[in-house]
Amino acid sequence: MQAYPYPLMKNLGKKLKKYLTDPLVADIFIIGSSIKSKLEFKDIDLIVLVKEKNYKSVEDILYRIKEDLALKNLHLEPLFIDNLFKEQIFSSIIHEGISVRHGKRVSDLIGYHPFFIFTFSLEWLKNIDKVRFAQTLYGRSGKGILKEEGGVSLGKGSFLAPVEKEHIFLEVMHKFKTKFEVKRVFVK
C-alpha cells in the first residue's frame, strides 16, 4: 500500500517535510478520512509529535503550519512525545497514520498490517434482506464487495476489512441495518 493515496496527500507530505527540520518536531502524522480511499473527505487531521513541552514554540509551529497550508477544515493537534503512549490518539496513529518523516504508514514501519474486524448478526433481518446482504458482501460466486475491496471472511458473521476501506463496509452495514461491531486489529 502506498503511503500517500492521493496526489493531494503527497503534496501535503512534501509541504510538511520542511517543519521536520525544527528541533522540537519529531514527526508529523496524517490521520483520518483524508488518507482512506474516499473520493471526498471532510477534513485533514494532522498530529505534530513534539519533543518538549515548550508551549510557546509549539504554538508558533502550529500557527506557521496552518498559515502555510491555508486549508479549510484542517485539524492540527500537538502530541508531546512524553504523552505518546498515554493518549487515545496513539492507536489511530499506529493503525492508520502516515509518518511525514518516513513517508510511510506507521503500521508498515512497525511491520504490521492494520485491519478492522467486523462482527455482525442478521437475525433481525427478513430472509430477502439476508440474501441481499450476502450477495452484496460475498457475491454470487465469491466476487462480492468483500473480495473486491481486499477483505477476508473469517467465518459466519465476521470478516476482516482493510483500514482504508472501512467506510465502504460501514455503508453496507448501515444500508442493510445489520447489528454489528467493529474492532481494530493488526496482522503480522
Side-chain angles (χ1 to χ4, degrees), residues 1-13 27-47 73 75 84-85 87-188:
M1 163 92 28
Q2 63 182 3
Y4 299 109
Y6 309 109
L8 171 68
M9 290 298 113
K10 191 172 189 171
N11 292 337
L12 179 65
D27 205 341
I28 300 172
F29 302 110
I30 306 170
I31 63 170
S33 62
S34 64
I35 58 170
K36 295 180 181 173
S37 58
K38 290 184 173 184
L39 292 177
E40 294 181 26
F41 45 85
K42 297 181 290 189
D43 55 11
I44 296 175
D45 300 302
L46 301 178
I47 305 294
N73 303 328
H75 297 128
L84 182 63
F85 300 112
E87 297 290 332
Q88 286 185 336
I89 197 71
F90 179 68
S91 65
S92 293
I93 291 170
I94 62 170
H95 200 251
E96 65 187 43
I98 294 174
S99 162
V100 171
R101 179 169 300 283
H102 299 282
K104 291 183 176 183
R105 293 185 176 275
V106 174
S107 58
D108 292 339
L109 293 169
I110 61 175
Y112 286 88
H113 302 285
F115 288 92
F116 285 102
I117 289 183
F118 280 77
T119 55
F120 60 90
S121 172
L122 305 177
E123 68 183 85
W124 292 274
L125 296 181
K126 295 177 186 174
N127 283 340
I128 187 73
D129 291 328
K130 289 178 184 179
V131 170
R132 287 181 180 143
F133 175 83
Q135 288 177 345
T136 300
L137 192 63
Y138 304 112
R140 292 188 181 205
S141 54
K143 294 183 181 176
I145 198 167
L146 189 61
K147 185 172 184 171
E148 286 176 8
E149 300 299 342
V152 177
S153 175
L154 298 175
K156 186 177 179 181
S158 65
F159 62 88
L160 279 177
V163 73
E164 65 276 358
K165 304 292 182 155
E166 173 197 23
H167 63 284
I168 294 169
F169 294 102
L170 286 172
E171 286 176 20
V172 170
M173 295 293 148
H174 291 298
K175 176 183 175 186
F176 286 97
K177 297 179 176 77
T178 60
K179 298 209 180 225
F180 68 95
E181 287 186 20
V182 183
K183 294 191 177 180
R184 295 172 188 245
V185 295
F186 288 99
V187 178
K188 183 78 172 150

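Side chains are part of it too, since the values below use all heavy atoms of this structure and drop only hydrogens, waters and symmetry mates.
- Atom NZ of Lys130 is surrounded by more than 12 heavy atoms from other residues, nucleotides or ligands within 6.0 Å.
- In this structure, the side chains of Phe116 and Lys183 stay at 4.5 Å or more apart for every pair of heavy atoms.
- Summarising the geometry, atom CG belonging to Leu146 is positioned 12.0 Å from atom NZ belonging to Lys165; distances are rounded to the nearest 0.5 Å.
- Applying the side-chain hydrogen bond (donor to acceptor under 3.5 Å, both in side chains) test to Thr178 and every residue at least two apart in sequence or in another chain returns nothing.
- Under the 4.5 Å side-chain criterion, counting only non-hydrogen atoms from C-beta, Val182 is not in contact with Ile117.
- To the nearest 0.5 Å, atom CD1 of residue Ile44 and atom CD1 of residue Ile31 are 12.0 Å apart.
- For the pair Phe29/Asp45, no side-chain contact is recorded, criterion being any heavy-atom separation below 4.5 Å from C-beta on.
- The aromatic rings of His95 and Phe186 lie perpendicular to each other, with more than 60° between the two planes, well past the 30° mark.
- Under the 6.0 Å distance and 45° angle rule, Lys179 counts as a cation-pi partner of Trp124.
- Under the 3.5 Å distance criterion, the side-chain polar atoms of Glu96 are left unmatched by any main-chain donor or acceptor of Val163.
- Across Ser107 and Pro114, no two heavy atoms sit closer than the pair OG-CD, 3.3 Å.
- Gly155 and Tyr138 get closest at one heavy-atom pair: O-OH, 4.5 Å.
- By the 4.5 Å heavy-atom criterion applied to side chains, Val100 and Leu12 are not counted as neighbours.
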Inset, instruction - In sequence, state the C-alpha distance, the side-chain angles, and the governing distance for Asp108 and His102, and then conclude on side chain to side chain contact (heavy atoms under 4.5 Å, CB included). - result: CA-CA 10 Å; Asp108 292 339; His102 299 282; over 6 Å; no
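- Sorted by first and then second residue, the pairs that involve residues 111-122 and meet side chain to side chain donor-acceptor pair (under 3.5 Å), not counting sequence neighbours, are Ser121-Glu123.
- You'll find the ring centres of Phe120 and Phe133 inside the 6.0 Å limit.
- The pair Asp129-Lys126 does not meet the salt-bridge criterion, since no charged nitrogen lies less than 4.0 angstrom from a carboxylate oxygen.
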Inset, instruction - Just do the side chain to side chain contact (heavy atoms under 4.5 Å, CB included) check on Glu181 and Phe118 with the steps written out, would you? - result: CA-CA 6 Å; Glu181 287 186 20; Phe118 280 77; over 6 Å; no
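- The shortest side-chain heavy-atom distance between Ile98 and Val106 does not fall under the 4.5 Å cut-off.
- Interatomic distance, CD of Gln135 versus OG of Ser141, reported as 11.0 Å (0.5 Å rounding).
- Here the straight-line distance linking atom CD1 of Ile93 with atom CZ of Arg105 works out to 14.0 Å at 0.5 Å rounding.
- Atom CZ of Arg101 is separated from atom CD1 of Ile28 by 8.5 Å, given to the nearest 0.5 angstrom.
- A 4.5 Å side-chain heavy-atom check between Leu109 and Ser99 finds at least one atom pair inside the cut-off.
- Ring pair His174/Phe169: centre-to-centre distance not below 6.0 Å.
- To the nearest 0.5 Å, atoms NZ (Lys143) and CD (Glu148) are separated by 9.5 Å.
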